[in-house]
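The structure appears right after this line, and notes come after that.
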2 protein chains.
Amino acid sequence: MSKEELKKVSDTKTTKLFKKGETIFEENEKLNGVFCVRNGVSKLSKLSPNGKDQIVKLASKGAVLGQRSVIVEEISNLSAVALNDMEACFIPKNAIVNTLNANPNFAVEVLRHMAHDLKEADDVIVNMSQKTVKQRVAEAFIYLKNNFGEDKNGYLALTLSREDIANVVGTASESVIRIISEFKKKGLIKTFGKKVAIVDPQSLNNLAEAI
Amino acid sequence: MSKEELKKVSDTKTTKLFKKGETIFEENEKLNGVFCVRNGVSKLSKLSPNGKDQIVKLASKGAVLGQRSVIVEEISNLSAVALNDMEACFIPKNAIVNTLNANPNFAVEVLRHMAHDLKEADDVIVNMSQKTVKQRVAEAFIYLKNNFGEDKNGYLALTLSREDIANVVGTASESVIRIISEFKKKGLIKTFGKKVAIVDPQSLNNLAEAI
DNA sequence: TAGAAAACATGACAACCGTCAGGTTTTAAA
DNA sequence: TTTAAAACCTGACGGTTGTCATGTTTTCTA
């Protein structure tokens, strides 16, 4: 969603706080507005019939949660949970709808944003179906580095539990744990508690992209 | 894309014909317009680094090909190939852009459509990552029935090669072949040449959805 | 701070699935 | 119609990955 356009609306709104682990909204919930992330990171996930959670997207500062469902006026197809303490402002549905109608450029802005999301989703589909679990874990680390950066010591700024990594990658947490220890042995990454640091980005990337 | 809105534009355009197997556009191609499917079915696929093609979507009558790329003004992230003889009309980029700006409702219509695609993509991600190949093949047959129907003899109206099914499901063609013969033995489906008919929809559905 | 709960870790094992290799059948083209 | 190519099919085999079981460490809370 357009930062400029949305800023006008969101600046008038108060900020809500969500603690780590708190649910922002659930799957199949009727949303009467969207949440604009000011701070922190949220996981957007969907429950599979087999009872496992699949994380579809990680949303951080600037991202808008629930816009898809609000626009098509459907119940949410995803649930949103805070991965760390979050600040987000709530924008009621009618504010969105009004702006969409009043400002023609706004719709196009939102459209562009959703088109981008759609492309990313296509990429995820290809990765999920064509790559091995090991490749996907490697890619997840690269993604985390590119999108959330590293702390002063070179560790990934966003720390996910093994379980969450498994839910991003679509595998079992045991597999993630095993792959992490394999990557450590090979000198591709290092860890400190739950934190992960990429040691050899080149090799990790080769592994993720290669045949 | 809105049928009403688009109809105004598309009716003024002549129809292009594509033979079975013919390429409509390729990945990384710069598109200067979109294709509106009048007849026939196209596969939209993306090449994975491992050299395999992943079919992301099947587009039939009423679908618009290339709109995502045209809207964000990027080169195409997918390639489009005709699965059978097709009729499609070409709508140049500027016609789209003009209509987007001129008609505020049009943008919202397109937005809704893209929001729908995005939800479907999310579902595909979950299926790909959480279901077994067997479940995905079962689901593919159900999908083909629901979206393209059956012929007078009860066979799926859209006949895909084993290879194409494999590319939809994200597996090897051998696996698809093996699973098809297993489904036949179990009385879930029957085949006639390349054609497939669903014999026991209930059991097939259970298999696709179950734990 | 102690105890409980959650997260992390590792081994064993079987099922799943991709690959290779060899066939047969179907399709398309000469 | 003959021939070549493509598609289909099956078996064998090994690597990958999910599951279960069990133990350790970390985190949370009373």
Side-chain angles (χ1 to χ4, degrees), chain A residues 19-22 43 48-54 81 83-85 127-140 155 159-186 189-196 207-208 210-211, chain B residues 19-22 43 48-54 81 83-85 127-140 159-185 189-196 207-208 210-211:
Chain A
K19 280 178 198 158
K20 179 177 177 177
E22 204 173 333
K43 60 176 173 180
S48 169
N50 68 5
K52 285 188 182 171
D53 231 29
Q54 175 65 38
V81 173
L83 285 176
N84 40 38
D85 290 352
N127 284 340
M128 285 297 179
S129 49
Q130 301 287 356
K131 292 189 175 178
T132 65
V133 173
K134 203 178 294 181
Q135 287 180 302
R136 281 180 272 154
V137 172
E139 197 153 74
Y155 288 90
T159 301
L160 296 179
S161 69
R162 310 301 195 231
E163 180 77 31
D164 276 337
I165 297 174
N167 290 345
V168 167
V169 161
T171 189
S173 59
E174 292 96 327
S175 295
V176 169
I177 290 169
R178 259 184 266 274
I179 289 167
I180 285 178
S181 74
E182 183 190 329
F183 284 180
K184 277 164 68 176
K185 271 182 205 147
K186 290 187 179 168
I189 63 174
K190 62 178 177 178
T191 64
F192 182 73
K194 296 190 204 312
K195 287 184 183 175
V196 173
L207 202 161
I211 314 173
Chain B
K19 282 179 197 157
K20 180 179 176 177
E22 204 174 332
K43 61 175 173 182
S48 169
N50 67 5
K52 286 188 182 170
D53 231 29
Q54 176 65 37
V81 173
L83 286 175
N84 41 38
D85 290 352
N127 285 338
M128 284 297 179
S129 50
Q130 301 287 356
K131 292 188 175 178
T132 64
V133 173
K134 204 179 293 181
Q135 289 180 301
R136 281 180 271 154
V137 172
E139 197 153 77
T159 301
L160 296 178
S161 69
R162 309 301 194 231
E163 179 78 29
D164 276 337
I165 297 174
N167 290 345
V168 166
V169 161
T171 188
S173 59
E174 293 96 325
S175 295
V176 169
I177 290 167
R178 260 184 265 274
I179 288 168
I180 285 178
S181 73
E182 183 190 328
F183 284 180
K184 276 164 68 176
K185 270 182 204 148
I189 62 173
K190 62 179 178 178
T191 63
F192 182 74
K194 296 190 205 312
K195 286 184 184 174
V196 173
L207 202 161
I211 315 171

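Because the structure is predicted, anything quoted here is derived from the model rather than measured. To find a chain, count down the sequence lines: A is the first, B the second, and so on, and within it residues start at 1.
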Problem - 5'-most by nearest nucleotide on DNA chain C - A:Ser161 or A:Ser129 - result: A:Ser161
Problem - side-chain hydrogen bond (donor to acceptor under 3.5 Å, both in side chains) partners of A:Glu22, counting only residues at least two apart - result: none
Handout entry: Pairs meeting criterion salt bridge (charged side-chain N to carboxylate O under 4.0 Å, His left out) with involvement of residues 161-176 of chain B, two or more places apart
Key = B:Lys43-B:Asp164
Completion exercise
First and last nt of DNA chain C near chain B, cut-off under 4.0 Å to heavy atoms, 5' to 3', are C:dC17 to C:dC20
Practice task
Taking side chain to side chain contact (heavy atoms under 4.5 Å, CB included) as the test, write out the residues that go with B:Lys184, two or more places apart.
Solution key: B:Ile180, B:Ile189, B:Thr191
Handout entry: Summary of protein contacts for nucleotides 25-30 of chain D, nucleotide by nucleotide, where a base hit scores B, a sugar-phosphate-only hit scores S (4.0 Å, heavy atoms)
Key = ------
Practice task
Please name all residues satisfying side-chain hydrogen bond (donor to acceptor under 3.5 Å, both in side chains) with B:Thr171, sequence neighbours left out, ordered by chain then number.
Solution key: none
Mind listing the N/O atom pairs, protein and nucleotides 10-17 of chain D, below 3.5 Å?
| unit_1 | atom_1 | unit_2 | atom_2 | d |
| --- | --- | --- | --- | --- |
| D:dG11 | N7 | B:Arg178 | NH1 | 3.0 |
| D:dG11 | O6 | B:Arg178 | NH2 | 3.3 |
| D:dA12 | N6 | B:Arg178 | NH2 | 3.4 |
| D:dT17 | OP1 | A:Val133 | N | 2.8 |

Problem - salt_bridge(B:Arg178, B:Glu182) N-O dist < 4.0 Å - result: no
Practice task
Using whole Å, report how far CD of B:Gln130 lies from C1' of D:dG18.
Solution key: 12 Å
Practice task
List for me each residue that meets side-chain hydrogen bond (donor to acceptor under 3.5 Å, both in side chains) alongside B:Asn127, sequence neighbours excluded, and say none if there are none.
Solution key: B:Lys131, B:Glu139
Fill in the blank from the handout: The side chain to side chain contact (heavy atoms under 4.5 Å, CB included) partners of A:Lys190 (sequence neighbours excluded) come to A:Tyr155, A:Ala197, A:Val199
Problem - Residues B:Ser48 and B:Gln54: side-chain donor-acceptor under 3.5 angstrom - result: no
Practice task
Mind grabbing the angle between the end helix axes of the helix from C:dT1-D:dA30 to C:dA30-D:dT1? Five pairs an end, 10° rounding.
Solution key: 50°
Handout entry: Set of side chain to side chain contact (heavy atoms under 4.5 Å, CB included) partners for A:Lys185, sequence neighbours left out
Key = none
Fill in the blank from the handout: side chain to side chain contact (heavy atoms under 4.5 Å, CB included) filter on B:Ala140, not counting sequence neighbours, yields B:Val169
